[in-house]
Amino acid sequence: MAEYNPQEIEAKWQKRWADARVFETEADPAKPKYYVLEMLPYPSGTMHMGHMRNYAIGDVAARVKRMRGFNVLHPMGWDAFGLPAENAAIKNKTHPREWTNKNIAEFQRTLRRFGFSYDWRREISTCEPEYYRWNQWFFLRMLERGLAYRKKSRVNWCPKCCTVLANEQVINGGYCWRHEDTLVESRELEQWFLKTTAYADQLIDDLKQLEGSWPERVIIMQRNWIGRSQGARVKFAIADVADADPIEIFTTRIDTIYGATALILAPAHPAVERLLGWAQDDSISWTRLKKMRQASVKTEDVATMEKEGFFTGRFAINPFSGEKLPIWVGNFVLMEYGTGAIMAVPAHDQRDFEFCRKYELPIRVVVQPEAGEPLLDEKMAAAFEDHQNGKLVNSGPFDGLSVDEAIRKMTSFAELKGFGRGEVVFRLRDWGISRQRYWGTPIPVVYCEKDGMLPVPDKDLPVLLPPNPKLTGEGESPLASTPEFVNTTCPKCGGPARRETDTMDTFVDSSWYFYRYCDPHNDASPFDSVKVGYWFPIDQYIGGITHAILHLLYSRFWCKVMRDLGLVGHNEPITRLFTQGMVQKGGVAMSKSRGNVVGAIDMAQKYGADTGRLYTLFAAPPEKDLEWSEESIEGSWRFLNRVFRLVDKHAASIRETKGWNFDPKGMTDKERDLIRVTYQTMLRVTQDFEKRWHFNSAIAQIMELTNEIYLAEPLENGVRPEIRREVLQILTLLLAPMTPHIAEEMWEMLGNKEGLWNASWPVLEREQLELAKDDEVEIPVQVNGRVRTTLSVATGAAELDLVAKAKSDPAVVRHLDGKRIIKVIFVPNKLLNLVVK
RNA sequence: GCGGGAGUGGCGGAACUGGCAGACGCGCAAGACUUAGGAUCUUGUGGCCGAAAGGCCGUGGGGGUUCAAAUCCCUCCUUCCGCACCA
């Protein structure tokens, strides 16, 4: 009697896989490819079971596809630049590289311990010059095309990170994404940007291609983030001032322009000073403005903030009606969106209503719903929410038009008269990539006093990080205080020049890393387009929902840039996306700071990697959060022991038998039941893996099959050895993607000379069913005890029901559109066996 | 406020196209084997009634469609996530 010893078995098979180079893969146009990828980890602290769940899901996909004959690319690498390494280095007085490499070694050891089927030859680490030089190369290409640019602007500054954050890194209405308790400040700095807005239309339109294969909510989140609004700009001339520049507003509802009763400017609007300058008695207004501008720095509690404003003393002319409208400044108007100025239409906008109510500005209804209460006074207007389906009133020549007609006609009228035009406005901002930290990719640009800003020539790449920086975590960028880095020569005139001292946001690294896996050691270009052309797009990407916007949006942007550079031939890098749930303990995600991690290595030592893998796959469907439970993990452990004992018990008696070909003749009832339940399980598990990714119910099916075999004991009496072997081999094959080590061991115990890694996924051949694909079968139908009719059922329909459980005998009669349809139960030696109550 | 999910035993969760609700596992209970059990095996386990056979109720609440509803429709409630003065 052999004991299940996971540590021994796992080490044994991991070595065999490595020796046989089972997971190493090359592009091969003769074979169908499958690129499956888990988001690359940031190597910090220790790996816990939350990480493992992610990789277990990907590994199941990789192994199933491999068993089904695909050429599978399944790589792993490290998102190795970033702030924690720098902070740890400051704390421990070491170099960030030291800390990072130590963690990478630890992470790698853990992943290997779990037996994930990676091609380790393709491992990449983004902090290596061989990798980041291509960040710099891409940056220069973008610079050439005007997609990278520098400008002074208000940026998000995290006082804890001591660096700038991208808009996407500001969360919960104004907090740092890494320090959720730290309010982001606003600073004016000279910054590098990548022009994501140049692709705003494509980024939003191409989301359509992803529908159905990306989670709906990710698509919606991206769509909202990009935030496209179709609207119009309208110029309002300023009354009583000669030669004054008009004020331009943006609106999506130009049809309501006759209902405008004021113009409201953002406090930061550049025209405010001029307007106040012209007005008399302005000292109070100046004070208010100053206060408001300071207050607007805070983005906290935006939703509940009281609307405030003041009258500038000036008026604007409504170009449609000629009406004089007071110009106000309002704290709720954003400078960053549209033109920083709006027309207030209090009857048809909640915010305008609140503002005008407070300051007693008039309210005028201009859209009247066709049916329903007449909206004539201001109280009705406030309650009126559906402005989409009304007709215009109080709107001069446009009275009576529907909203859609009015928007069209009034926009072209404004264009004709030259005071407005239709425009699409995006919420998306360009991607600010400058970071004032050391541990990132240096931006490859120099500043010469004579020649100005110049790109570093390609031949001088990579611009290396200085090996011995002074890291303090305070003040300016560490690179700026490293003279040997800063001082350089001008590539044009050869005179003295200064290097750019900002480094790139680490999201640059992860925006294209998956291309590098296709050709990881190329030192002439970021990758070979032919190799990428074979592997791309990624067939299946797996990661947390946390990256729904940041990483996935940047990656999509990068892909489109590379396409326009002629490097790749596809529009979207990722065909299918799967967002797995988190592993929690005590109701919150595992994290070092919360002190609730279950270490992956500890897990492997206590129960073995297979039990850990099985449990994370079994305890919850993969897209849902999983609450870690030390108690219920015992169930997975027990199950593997049970299966192992079962195989061990029969191994000796069946090891020498030949394989069994489906042959219904002479089967005993016990054998038939066993074969039927085995094949049914096989079909259902295949469906769960391939169609639905319901790993938890796939495992449940396998457990059920195991129970059925136990129930059929003693197998020795009444079940031929070759049938026992067939059943146990299929059981082993079904387990292989999830618990590969124990599966290999049992496969060997059953007498197989070749490793399980060479085995194919079990498939029922058509001949075994004795039905051709489009056969029709005549089935007499009994309803309520009497033969009623004869139906023909296409094999397609019968096939569906092959997966029905044996227990669901007798078949069920279904009424569908007046027709009666039959569920068919498959019994091997009788072909089709129908019982209808 | 807007958008998207989710509500099924003591717990995690099954149930594909409307067709035997609660698969599988945890936990719990009883028993077997044991010097012992936090090992292993067997049996039971949604609620109520019943000795049993069996019956009734049951998928957040209420209503509806259907021979048939966890599943479809209406409505309300709860909850999680994302966005949030985007004009």
Side-chain angles (χ1 to χ4, degrees), chain A residues 171-174 215-229 231-232 249-254 256 260 264 266 296 299 301-307 330-334 336-345 348-352 354-355 385 425-428 545-546 548-549 579 581 614-615 618-621 623-639 641-642 645 684 687-688 691-692 694 696-707 710 713 783-784 797 800-801 803-805 807-816 821 823 837:
Chain A
I171 58 166
N172 300 336
E216 195 190 355
R217 61 175 172 155
V218 174
I219 293 177
I220 290 166
M221 280 162 76
Q222 293 218 355
R223 195 169 280 145
N224 291 342
W225 185 263
I226 300 165
R228 181 163 57 191
S229 308
I249 60 105
F250 176 76
T251 177
T252 55
R253 293 298 303 271
I254 195 173
T256 61
I264 310 179
S296 70
T299 39
D301 300 328
V302 149
T304 51
M305 201 163 75
E306 176 86 6
K307 287 184 178 40
N331 65 344
F332 69 102
V333 179
L334 304 172
E336 306 86 63
Y337 188 78
T339 59
I342 63 163
M343 61 177 191
V345 185
H348 301 292
D349 184 281
Q350 184 65 32
R351 296 152 303 182
D352 297 348
E354 281 171 36
F355 190 83
E385 283 178 359
V425 160
F426 293 92
R427 188 182 168 280
L428 183 73
I545 186 74
T546 31
I549 293 174
T579 50
L614 186 70
Y615 177 67
F618 174 63
E623 71 277 7
K624 281 186 77 172
D625 288 346
L626 182 160
E627 175 67 26
W628 189 262
S629 153
E630 280 299 325
E631 266 180 351
S632 47
I633 196 162
E634 294 278 349
S636 299
W637 166 248
R638 279 203 283 266
F639 168 70
N641 275 282
R642 209 165 129 90
R645 278 198 305 274
R684 299 182 130 224
Q687 275 201 342
D688 277 348
K691 264 197 187 153
R692 309 191 292 161
H694 286 192
N696 56 330
S697 61
I699 294 166
Q701 302 289 336
I702 298 171
M703 286 174 165
E704 214 175 337
L705 174 61
T706 311
N707 292 344
Y710 263 98
E713 295 281 8
V783 180
N784 300 332
L800 243 185
D801 292 315
V803 299
K805 283 186 176 181
K807 281 181 197 160
S808 50
D809 262 344
V812 182
V813 182
R814 250 194 248 172
H815 299 239
L816 216 73
I821 295 183
K823 271 202 169 179
K837 250 183 195 164

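Throughout, a chain's letter reflects where its sequence line sits, starting with A, and its residues are numbered from 1.
When every heavy atom of D688(A) is checked against every heavy atom of S697(A), the shortest pair comes out as OD2-OG, 3.0 Å. For A266(A) against V333(A), the heavy-atom pair with the smallest separation is CB-O, 3.2 Å.
V345(A) comes within contact range of no nucleotide atom at all, as no heavy-atom separation falls under 4.0 Å. At the heavy-atom level, I220(A) lies under 4.0 Å from the strands shown only through sugar-phosphate atoms.
Ranking rC26(B), rG5(B), rA23(B) by closeness to the E704(A) side chain, first place goes to rA23(B). Of the candidate nucleotides rA14(B), rA87(B), rG3(B), rA14(B) has the atom nearest to the side chain of P621(A). Closest to the side chain of F618(A), out of rG25(B), rC26(B), rA14(B), is rG25(B). Nearest nucleotide to the side chain of E216(A), out of rG13(B), rG5(B), rA87(B): rG5(B).
Base pairing annotation: rA21(B) forms no Watson-Crick or G-U wobble pair, as no partner gives both donor-acceptor distances under 3.5 Å. Pairing partner, rC33(B): none, since no Watson-Crick or wobble contact has both distances short of 3.5 Å. Nucleotide rA39(B) forms no Watson-Crick or G-U wobble pair with any nucleotide shown, as no partner meets the under 3.5 Å limit on both distances. Across the strands present, rG3(B) finds its partner in rC81(B); the criterion is a Watson-Crick or G-U wobble pair with both atom distances under 3.5 angstrom. A 3.5 Å limit on both hydrogen-bonding distances identifies rC28(B) as the Watson-Crick or G-U partner of rG44(B). Using N1 to N3 plus N6-O4 or O6-N4 for Watson-Crick, or N1-O2 and O6-N3 for G-U wobble, each under 3.5 Å, rU71(B) pairs with nothing.
In summary, the side chains of N224(A) and R427(A) do not present any donor paired with an acceptor at a separation below 3.5 Å, with no hydrogens or angles considered.
OP1 or OP2 of rA84(B) sits under 4.0 Å from a side-chain N or O of R427(A). The phosphate of rA15(B) (OP1 or OP2) has a side-chain N or O of H694(A) nearer than 4.0 angstrom. Contact annotation: S229(A) side-chain N/O to rA87(B) OP1/OP2 distance is under 4.0 Å. Note on N331(A): every side-chain N or O is 4.0 Å or more away from OP1 and OP2 of rC85(B).
Put simply, CE on M221(A) is 6 Å from P on rC83(B), counting in whole angstrom units. Here the P atom of nucleotide rC85(B) and the CD atom of E354(A) are 13 Å apart, to the nearest Å. Distance, D625(A) CG to rC11(B) P: 18 Å, rounded to whole Å. N696(A) places its CG atom 13 Å from the P atom of rC16(B), with the value rounded to the nearest Å. The distance from atom CD of E336(A) to atom C1' of rA87(B) is 13 Å, rounded to the nearest whole Å. One interatomic measurement links the two molecules: CG of D688(A) to C1' of rA15(B), which rounds to 11 Å at whole-angstrom precision. The CD atom of Q687(A) sits 15 Å away from the C1' atom of rA14(B) (whole-angstrom rounding). Summarising the geometry, the separation between CZ on F332(A) and P on rA84(B) is reported as 18 Å, rounded to the nearest angstrom.
Comparing G338(A) and A700(A), the nucleotide of RNA chain B nearest to each residue sits closer to the 5' end for A700(A). Mapped onto RNA chain B by nearest heavy atom, I699(A) and R692(A) fall at different nucleotides, with R692(A) at the one closer to the 5' end.
Comparing the same atom, P, in rG50(B) and in rU40(B) gives a spacing of 37 Å after rounding to whole Å. The gap from the P atom of rC20(B) to that of rA68(B) amounts to 15 Å, rounded to the nearest Å. Distance check on atom C1': rU66(B) versus rC72(B) gives 10 Å, rounded to whole Å. If you take atom P in rA23(B) and the same atom in rC74(B), they sit 32 Å apart, rounded to whole Å. When the C1' atom is compared between rG37(B) and rG31(B), the two are found 15 Å apart, to the nearest whole Å. Here the separation of rC80(B) from rG9(B), taken at their C1' atoms, is 22 Å to the nearest Å. Taking the C1' atoms as reference points, rG5(B) lies 43 Å from rC41(B), given to the whole Å. Nucleotides rC26(B) and rU45(B) are separated by 13 Å at their C1' atoms, to the nearest Å.
Regarding the sugar-base torsion, rG9(B) falls in the syn class, its angle being within 90° of 0.
Here the CD atom belonging to Q701(A) is positioned 10.5 Å from the CG atom belonging to N696(A), to the nearest 0.5 angstrom. N641(A) CG to S636(A) OG: the interatomic distance, rounded to the nearest 0.5 Å, is 11.0 Å.
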Would you tabulate the pairs of protein nitrogen or oxygen atoms and nucleotide nitrogen or oxygen atoms of nucleotides 37-41 of chain B closer than 3.5 angstrom?
residue: rU40(B); atom: O3'; partner: R645(A); partner atom: NH2; Å: 3.1
residue: rC41(B); atom: OP1; partner: R645(A); partner atom: NH2; Å: 2.8

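The base of rC85(B) is paired with the side chain of K307(A) by a donor and an acceptor separated by under 3.5 Å.
Classification of the F332(A)-F355(A) ring pair by plane angle, with boundaries at 30° and 60°, yields tilted.
No donor-acceptor pair closer than 3.5 Å links the side chain of E623(A) to the backbone N or O of T579(A).
At least one side-chain heavy atom of I545(A) sits under 4.5 Å from a side-chain heavy atom of R217(A). At a threshold of 4.5 Å between non-hydrogen side-chain atoms, the residues M343(A) and T251(A) count as touching. Side-chain contact between R642(A) and N707(A) is present, with at least one heavy-atom pair separated by less than 4.5 Å.
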